[in-house]
Protein chains: 2
Amino acid sequence: MAFELASAREPNSSARSGNIVSLKAFQSEYDFSLEAICARMLDRHRDTIRTQKPHIAVTKLARIIQSTLMLSNRKGFHSMSLRELATASGLSMGALYTYFDSKDTLLMMILGEVSSAVSSALGCPPASLADDPVRRLRWLLETHVYLTETMQPWFLFAYMEAKAFPKEGREKARRSELATEALISDALADVVQRKQASVPNVELTAALIKPLLQDWYVKRGKYRRRGVTPEQYVEAVTGFVEGAISLRRGMSR
Amino acid sequence: MAFELASAREPNSSARSGNIVSLKAFQSEYDFSLEAICARMLDRHRDTIRTQKPHIAVTKLARIIQSTLMLSNRKGFHSMSLRELATASGLSMGALYTYFDSKDTLLMMILGEVSSAVSSALGCPPASLADDPVRRLRWLLETHVYLTETMQPWFLFAYMEAKAFPKEGREKARRSELATEALISDALADVVQRKQASVPNVELTAALIKPLLQDWYVKRGKYRRRGVTPEQYVEAVTGFVEGAISLRRGMSR
DNA sequence: GGGAAAAAAACGAGCGCTCGCTCAAAAAAT
DNA sequence: ATTTTTTGAGCGAGCGCTCGTTTTTTTCCC
């Protein structure tokens with residue numbers, strides 16, 4: 001435990017150098033555990049969360065969020081009643097309302113953490129990959145899969161409930177999605193410019209890569225049932241994409 | 001008009017021969033217009049639909065279904081109230097209930113037409129493609145895109161509301177999805193067996209093709225905004241897939 | 001062809017219920 | 001003793017659904 005904490009504070013620099021290679025390596029770079037996210041959530045919403053003691057607030061928040069994600073992903077956020085949520089999280093109706101002031105706020109709080117996680121994990125690719133777009137593309141695919149693996153219920157929630165967001169939230173989701181796609185198409189454009197591969201249509205190809213990344217968390221159950229690990233999925237997607245863009249296998253590997 | 005009907009009854013045999021090439025060609029093979037689907041719907045539910053006159057029933061059904069798909073795809077089936085639906089479709093609450101006996105039945109009626117459409121359009125690939133798996137794969141991709149283009153709101157509905165189905169419906173959706181994937185992986189396996197291309201992992205590759213096909217109707221708005229036509233999307237997906245499975249471009253084209 | 005009788009279709013207020021949400025009081029922590 | 005946290009019955013609104021009634025269409029006899 002102490003050791004793990006130490007290694008989390010002094011991370012290996014694998015992500016910085018652009019070689020993540022495994023889910024574990026990714027997870028030792030970033031703390032996207034339920035508790036850590038809920039702690040950040042508390043910071044961001046000190047004004048609406050009426051519970052004073054941080055350690056109590058974080059604990060209860062974690063139970064609320066976990067139950068919300070479970071119930072929503074099973075039958076939809078709108079179909080989940082707050083009475084169900086109270087039962088599942090072991091709190092009373094009233095207690096729930098010390099953590100959010102409306103059901104919509106709860107939804108937006110979760111969305112906020114998802115989009116913040118995307119920014120912090122994908123926002124700044126390691127500088128060492130600045131002039132190696134092929135490896136930068138791989139890094140993007142890897143990091144995306146490992147991030148969404150770590151926060152799978154969160155991403156599934158954001159994906160499924162996006163259309164129910166109050167307008168503000170829908171736009172945030174759209175912007176976040178376009179930003180990810182832009183990272184991909186930038187890398188692709190760079191690959192083309194350096195003549196490391198040929199891509200007939202950069203924009204459209206980037207658009208097609210997105211659903212490959214999304215499928216990992218949207219259909220997570222299917223892949224689990226078939227015994228596909230995150231690492232195998234990264235391998236498959238990378239191979240698929242690199243084949244599709246006529247990149248010679250082994251090039252710059 | 002008379003000419004169009006005649007040509008619909010005596011279709012060109014493009015789909016049968018495995019060359020669909022365009023959305024229009026597909027649509028002249030199969031009638032997946034709102035009215036035609038609602039007519040089939042009426043046949044299938046004569047016992048629950050209490051309206052006697054077929055032409056009245058079909059007209060009203062079309063308005064109900066169209067409004068249901070519009071409202072549901074905007075904010076979710078569960079969030080759509082029957083009062084909203086009554087207003088949008090121009091019927092009264094009571095009139096709605098002559099066409100279905102519960103909100104869940106309405107959902108299942110729509111799902112039924114979607115899964116029936118999949119069977120009839122993808123169920124039996126043209127016999128002429130039996131021993132040409134590369135062209136069969138292309139036919140599958142094309143036909144899937146053109147089918148889902150023609151019935152986009154239906155497919156989006158089925159995709160988004162799948163988890164809300166009463167168990168029976170959820171399994172139907174799952175079976176239908178797996179069947180499509182099986183068609184793809186059969187073609188892929190055949191391609192490999194005939195050594196026309198190399199695919200590292202047939203199952204996983206087939207699984208990755210599925211989200212490419214789904215993206216067309218799930219994110220239809222994005223592609224419309226960018227001016228991507230169904231034909232261009234077919235072209236892009238075909239190229240992407242054939243590149244990924246190391247098929248030489250131009251082979252058997 | 002026209003008008004009364006019968007059949008079909010549409011109507012919408014109202015039912016029982018559950019929803020999101022509140023707040024006075026109890027319980028727990030300090 | 002005082003503050004913090006939790007409780008859960010209760011509120012009005014809105015839900016899916018029903019059914020007595022009205023409106024529209026069809027039938028049929030003269």
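All chains are named by letter (A, B, ...) in the order of the sequence lines, taking the proteins before the strands, and each is independently numbered beginning at 1.
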Q.
Strictly below 4.0 Å: does B:S92 bring a side-chain N or O up to OP1 or OP2 of C:dA10?
A. no
Report the distance from atom [atom1] of [X] to atom [atom2] of [Y], rounding to the nearest 0.5 Å.
X: B:L61; Y: B:M109; atom1: CG; atom2: CE; value: 5.5 Å
X: B:S176; Y: B:E181; atom1: OG; atom2: CD; value: 11.5 Å
X: B:R74; Y: B:L71; atom1: CZ; atom2: CG; value: 6.0 Å
X: A:K103; Y: A:T68; atom1: NZ; atom2: OG1; value: 9.5 Å

Q. The side chain of B:K60 lies closest to which of these nucleotides: C:dA8, C:dA10, D:dT6?
A. C:dA10
Q: Ignoring the backbone of B:T98, work out which of D:dT6, C:dA8, C:dA10 is nearest its side chain.
A: C:dA10
In whole angstroms, how far is the [atom2] atom of [N] from the [atom1] atom of [X]?
X: A:K53; N: D:dT6; atom1: NZ; atom2: P; answer: 12 Å
X: B:I64; N: C:dA9; atom1: CD1; atom2: C1'; answer: 12 Å
X: B:L85; N: C:dG12; atom1: CG; atom2: C1'; answer: 15 Å
X: A:L91; N: D:dT5; atom1: CG; atom2: P; answer: 13 Å

Q: Quick one: label A:L96 by what it contacts on the DNA or RNA (base, sugar-phosphate, nothing), any heavy atom closer than 4.0 Å.
A: nothing
Q) When the ring planes of A:F26 and A:Y146 are compared, do they come out parallel, tilted or perpendicular, using 30° and 60° as the limits? A) tilted
Q: List the protein contact pattern of nucleotides 14-27 of chain C with one symbol per nucleotide (5' to 3'): B for base contact, S for sugar-phosphate-only contact, - for none; contact means a heavy-atom distance under 4.0 Å.
A: B----BBBBB----
Q. In chain order, what residues pass the ring-ring contact (aromatic ring centres under 6.0 Å, His included) check against A:Y233, with sequence neighbours excluded?
A. A:W216, A:Y223
